[in-house]
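Just so it is clear: chains get the letters A, B, ... in the order the sequence lines come, proteins before strands, and each one is counted from 1. These numbers come from a predicted model, not from an experiment.
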Protein chains: 2
Amino acid sequence: MKSLAQNYRSQCPLSAALEMIGDKWSLLIVRDMCMGKSRYGDFQNSPEGIPSNILANRLRQLEENGIIKKQPYQTNPPRYEYLLSPKGADLLPVLQQLGLWAHRYVPGSMPPPDDFMAAKPEELLAGK
Amino acid sequence: MKSLAQNYRSQCPLSAALEMIGDKWSLLIVRDMCMGKSRYGDFQNSPEGIPSNILANRLRQLEENGIIKKQPYQTNPPRYEYLLSPKGADLLPVLQQLGLWAHRYVPGSMPPPDDFMAAKPEELLAGK
DNA sequence: TCCTATCACTTGCTAATTGCAAGTGACCAG
DNA sequence: CTGGTCACTTGCAATTAGCAAGTGATAGGA
């Protein structure tokens with residue numbers, strides 16, 4: 001996670017948020033994690049087809065920003081999975097609103113899945 | 001606004017939304033418009049200091065995506081202002097959630113202003 | 001033992017985007 | 001005729017994105 005005295009463009013919370021997650025891919029990874037995905041390969045297999053180097057970079061940034069945590073799930077060979085932190089899980093309401101908005105205004109987009117809309121941040125932490 | 005048969009990366013509404021507004025500046029412009037700003041110079045004077053060419057580009061994209069509308073406010077010299085469409089105004093709940101999130105987790109960020117949190121999409125349209 | 005496969009990345013390289021600084025065009029006021 | 005305002009545009013260097021291919025650790029099978 002970035003150290004304390006972070007210098008953002010302004011003191012506006014929205015602006016700070018966009019400096020962390022304002023791009024085309026970061027929130028898609030968070031979306032996948034909200035849906036139970038946790039491994040590098042899972043994220044790569046999402047239909048949007050994130051390039052591998054971008055994925056590695058975004059996972060690093062999300063971890064630096066305290067939104068996700070990287071944890072080993074086996075030691076031989078060493079392999080890691082990615083889990084939402086409380087900060088990351090609390091992005092769920094944002095994603096839910098954004099999903100609703102897009103479904104309302106983007107012709108041809110699917111409605112957000114029921115389990116996604118019914119989820120709550122607390123449920124996304126440890127016990128899957 | 002982009003024509004119908006738009007080809008997005010996937011049918012996921014979140015993904016489509018991020019193709020429209022997934023960058024560090026677009027939602028800041030929408031934020032400013034939610035706060036009553038409407039002119040090029042207003043946006044440029046926001047504390048984040050958006051570069052002029054980026055601002056022009058983002059206003060064009062937001063208009064193409066039907067989020068804002070460009071309207072003349074005087075004819076000599078021809079000058080335009082930018083207003084939220086219903087689609088744009090309905091981004092307010094997303095911004096409110098994101099503002100709350102960031103204020104909760106970004107040390108040093110201001111709370112979202114009261115009038116911003118109290119606003120409703122309908123109020124952002126014609127009658128200011 | 002050697003071969004193949006899996007998973008999680010990294011590297012190289014080109015193309016596109018960003019951001020800074022400066023410039024432009026239309027007009028108005030003195 | 002000069003200077004100023006507003007809303008952009010342009011040029012250019014620097015950063016970032018994206019594609020394709022490669023790497024390293026290990027397991028499993030012939």
Does [X] make a cation-pi contact with [Y] (under 6.0 Å, within 45 degrees of the axis)?
{"X": "B:R58", "Y": "B:F43", "result": "no"}
{"X": "B:K70", "Y": "B:Y82", "result": "no"}
{"X": "A:R31", "Y": "A:W25", "result": "no"}

- Message: Strictly below 4.0 Å, N to O, side chains only: are B:E19 and B:R9 in salt-bridge contact?
- Response: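 Salt bridge: yes.
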- Message: Can you tell whether the side chains of A:D90 and B:R104 come within less than 4.0 Å, N to carboxylate O?
- Response: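 Salt bridge flag = yes for B:R104 with A:D90.
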- Atom-to-atom span, CG of B:L59 to P of D:dA7 - whole angstrom: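 B:L59 atom CG is separated from D:dA7 atom P by 11 Å.
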- Query: Between atom CG in B:L55 and atom C1' in D:dT10, what is the gap in whole Å?
  - Reply: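 In whole Å, D:dT10 C1' and B:L55 CG are 16 Å from each other.
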- Task: Quick one, give me the B/S/- string for nucleotides 11-17 of chain D, reading 5' to 3', where B means a protein heavy atom under 4.0 Å from the base and S means that only happens at the primed atoms, P, OP1 or OP2.
- Result: B-----S
- Task: Drop me the distance from A:M33's CE to A:I67's CD1, to the nearest 0.5 angstrom.
- Result: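 It is 10.5 Å, given to the nearest 0.5 Å.
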- Could you give the distance from OG (A:S26) to CG (A:L62), rounded to the nearest 0.5 Å?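 Answer rounded to 0.5 Å: 5.0 Å.
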- Look at all strands and tell whether B:K24 reaches a base, only sugar-phosphate, or nothing, counting heavy atoms closer than 4.0 Å.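 Answer is nothing: B:K24 stays at 4.0 Å or more from every strand.
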- Task: Have a look at A:F43 and say if it touches a base, only the backbone sugar-phosphate, or nothing, with a 4.0 Å heavy-atom cut-off.
- Result: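 No contact at all - A:F43 keeps every heavy atom at 4.0 Å or more from the nucleic acid.
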- Task: Answer yes or no: are there more than 12 heavy-atom neighbours, outside B:D115 itself, under 6.0 Å from its atom CG?
- Result: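 Counting neighbours around CG of B:D115, more than 12 heavy atoms of other residues, nucleotides or ligands fall under 6.0 Å, so yes.
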- Report, as yes or no, whether the 6.0 Å neighbourhood of atom CD on B:Q11 holds more than 12 heavy atoms from other residues, nucleotides or ligands.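 At most 12 heavy atoms, drawn from other residues, nucleotides or ligands, come within 6.0 Å of this atom.
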Please enumerate all protein N or O atoms sitting under 3.5 Å from an N or O of nucleotides 25-29 of chain D, with distances to 0.1 Å.
unit_1: D:dT26; atom_1: OP1; unit_2: A:N76; atom_2: OD1; d: 2.8

- Any side-chain N or O of B:R39 under 4.0 Å from OP1/OP2 of D:dA7?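 Yes, within the criterion.
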- Scan side-chain atoms only and decide if B:E48 and A:S10 contain a donor-acceptor pair under the 3.5 Å cut-off.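 On atom types as modelled, these side chains qualify, holding a pair under 3.5 Å.
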- Report the residue from A:N53, A:N57, A:L59 that forms a side-chain contact (heavy atoms from CB on, under 4.5 Å) with A:L55.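 So the option named by the test is A:L59.
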- Please find the earliest and latest nucleotides of DNA chain C, in the 5' to 3' direction, that have an atom within less than 4.0 Å of any heavy atom of chain A.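 For DNA chain C, the relevant span reads C:dC7 to C:dG12.
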